[in-house]
Chemist: 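The structure that follows is given in the form of structure tokens.
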2 protein chains.
Amino acid sequence: MPRAPRRSETMTIARLAKHLGLSEGTVSRALNNYPDIAAKTIDRVRKAADDLGYRPSTTARRLARGVVETIGFVLPARDGHQIDPFLAEILDGLATELALSDWDLLVAAVPDGHDEVEVMDRLVRSGKVGGFVVARTKRQDPRVDYLRKSDIPFVVQGRTEQCDDYAWLDIDNQKAFVDAMDHLVGLGHRKIAFLGGDPDLNYAWQRREGYLSAAKAHGCAIRPGYLHDGIMDEMAARAAVAELLKHPDRPTALLCVTDAVAIGAIHALAHAGISVGSEMSVIGFDGLPMGEAIHPGLTTMSQASYQVGREVGRIVVEQATASTTGPASPLSQILWDATLTIRGSANPPASAPGTNAQPASAPATNAQPASAPATNAKGGIS
Amino acid sequence: MPRAPRRSETMTIARLAKHLGLSEGTVSRALNNYPDIAAKTIDRVRKAADDLGYRPSTTARRLARGVVETIGFVLPARDGHQIDPFLAEILDGLATELALSDWDLLVAAVPDGHDEVEVMDRLVRSGKVGGFVVARTKRQDPRVDYLRKSDIPFVVQGRTEQCDDYAWLDIDNQKAFVDAMDHLVGLGHRKIAFLGGDPDLNYAWQRREGYLSAAKAHGCAIRPGYLHDGIMDEMAARAAVAELLKHPDRPTALLCVTDAVAIGAIHALAHAGISVGSEMSVIGFDGLPMGEAIHPGLTTMSQASYQVGREVGRIVVEQATASTTGPASPLSQILWDATLTIRGSANPPASAPGTNAQPASAPATNAQPASAPATNAKGGIS
DNA sequence: TTGACAACCGAAACCGCTTTCGGTTAGCGT
DNA sequence: ACGCTAACCGAAAGCGGTTTCGGTTGTCAA
């Protein structure tokens, strides 16, 4: 159990050096693994530092070295929405990876009347961060535009429309929605509606594209009223479902941009007396825990958001470190697959021949091995 | 649109001073509002700083002043659980308040094999933080114990069993659950079960105490099997509901420790063919958005978690600033009330005389004015 | 004994800002 | 013209560490 130091007890390198009978320079060089310090001396110094609770002042180190080992993350401007679970998981993973590298995560919010780029600029100009992670990108994202023009290392979780000049890690959203459509078509569905998000957001755009291209490939007509954009939460899902239930050519399946939207849709269907997984099938995207708990369990394309945060953290530290010490390394540009998790919300259409009219009650199965990312790193600009 | 500075363009106080034809000392004193600098000069300096994109280096300022304007927040160790929405909201509010004060929020995770106190100690010893916010307290909380013994300013969102020697802001969980019980009893319920959390966590303990004391006050017997502890997520809620439905003296209402648990319970009840809001009433705690979207809407004790984060941020900055500049101010110890939000999940028992057997379909109403905190600050140790 | 070299030394400079302190100058009022 | 004072000046020191560089010492091998 560490005991917090009193202010008067603060160790300095001067005190530690005196304690060891070494010069301050030698202690510093020992702690920083200089090759001209003997291993025996290095061990001795490290042990004494541990015993006496000494840690170098980050502030002094920053000033002396000119290196800021802190990554900035600017929270999305608040639109009356809560932070979504996906983002929270990214943060958790990112914070963990940075902790392992002894880097810090600085989280900044956007006060009313300000914007994200402004917040970033303030962090940059006061020398508070040595890099950024950007998440939840728009197709045209001002944050990415700002950072591209700078020397500041950054990694994007997600992508923008143009994305070949910076490092990114993204889920293959388009493929995920192609796969989800393949699954529904494989079950016999032909009338498939889509509850999409804000198409200014790149992930929502890609998921929408996946839906459209798979519908075309399978020859499923997208009837007017089957495609809803701007569905951002459960309440919006509710309204969209109400409309779809009045459709003259009611769809037999719903593909939803996120699990939250899918869960909202499931509630609305249940309330309208529609049997989910029988009269209407539903697929979401995210893999939220609540998707497992509801009845029937939600079939969903899952993404490993915590692991995404971890990997993004690893990449940004690597990049920031490389930009301090040496030649530019190739940009990481990685696509991870989402995984189909089958539960009871998606089954063959109730009117399909040879149908078992009961929703599947088997436990969730994964259609692919869980979450082992297929890395597709590309060389980049150097 | 700010343009990020190139490294070679970094403004320093020396350059700014030269540009203005003033000494560096005068520029510094102007930016720091020294009374011996003319207002006209202060304006001139500020304007030039803005025009040239100069911001003082936080690193240099920290070293020179010995003040670290950064608040640390250590994420709970990960137990396979996602970050709960309440915590995410606190973080958002906290980050916003800190941004307004030009303070920073450093978020740290706990890597496997480490614990929260250890992470805190590292932050303290390397001089990375000037204070902490602690949330989700246990009744005996090692983090609070560590910080109490230190000079480090900190504010707790929540409380521990002993809590008179530090600053805290808490929701009156006990009263909230008394109020919720009052409401259920007022509707005619006498057989009320409780799905509680981990009683090591102080909020869960208090909510449990509220349930128990209100049940006693109303003369409602708590039958064996009515009180479940350790319900931490929707899946656990499902299992608990399954047991309660087998109870020889089935309860007519469920009081749940959180909305997530309540939503899980609602799903399980619906799956079992129990009409929620009619055969069984349900009340939660939190005010999650999803509670509004489901059918029936969840009656819940709501808390303003974003505002909690804001206020905690304000208190910790105030405290940290006071500890630098002057006499100790009285500790803030504030209790906020939760607000009853009435929706369709709680109605008179189906077998009560004069009952309308249909669940309420009116929009949510608040039984009290929304979220204006009744402050109950106490003087403390100085 | 001599030369080489590992391993440390001590001094100094520096990072970018803040703060102090004795001094100077300009403007104003008498 | 003189005295006062607001408002700045310039120099220096300092924060806590890092890094460089010429020097010293001890050990080992030839």
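Proteins come first, then strands; the chains are lettered A, B, ... in the order of their sequence lines, and each starts at number 1.
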Chemist: Under a 3.5 Å cutoff, is there a donor and acceptor pairing between the side chains of Ser101(A) and Arg314(A)?
Modeler: no

Chemist: Round to a whole Å and report the spacing from NZ of Lys40(A) to P of dT27(D).
Modeler: 10 Å

Chemist: Do any N or O atoms from the side chain of Arg125(B) and from the backbone of Gly53(A) form a donor-acceptor pair under 3.5 angstrom?
Modeler: yes

Chemist: Is the shortest heavy-atom distance from the side chain of Leu147(A) to the side chain of Pro153(A) under 4.5 Å?
Modeler: no

Chemist: Could you state the CD1-P distance from Ile42(B) to dA6(D), rounded to the nearest angstrom?
Modeler: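 Interatomic distance, CD1 of Ile42(B) to P of dA6(D): 15 Å.
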
Chemist: May I ask you to say whether Arg55(B) pairs ionically with Asp102(B), meaning some side-chain N is under 4.0 Å from a carboxylate O?
Modeler: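 Yes.
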
Chemist: What residues, two or more places apart in sequence or in another chain, satisfy ring pair (Phe, Tyr, Trp, His ring centres under 6.0 Å) together with Phe73(B)?
Modeler: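 Listed in chain order: nothing, the list is empty.
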
Chemist: Determine, for nucleotides 9-20 of chain D in 5'-to-3' order, which nucleotides have protein heavy atoms under 4.0 Å from the base (write B), from only the sugar-phosphate (write S), or from neither (write -).
Modeler: S----BBBBSBB

Chemist: Calculate the interatomic distance between Arg62(A) atom CZ and dC17(C) atom P; express it in whole Å.
Modeler: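 My rounded result for the distance is 14 Å.
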
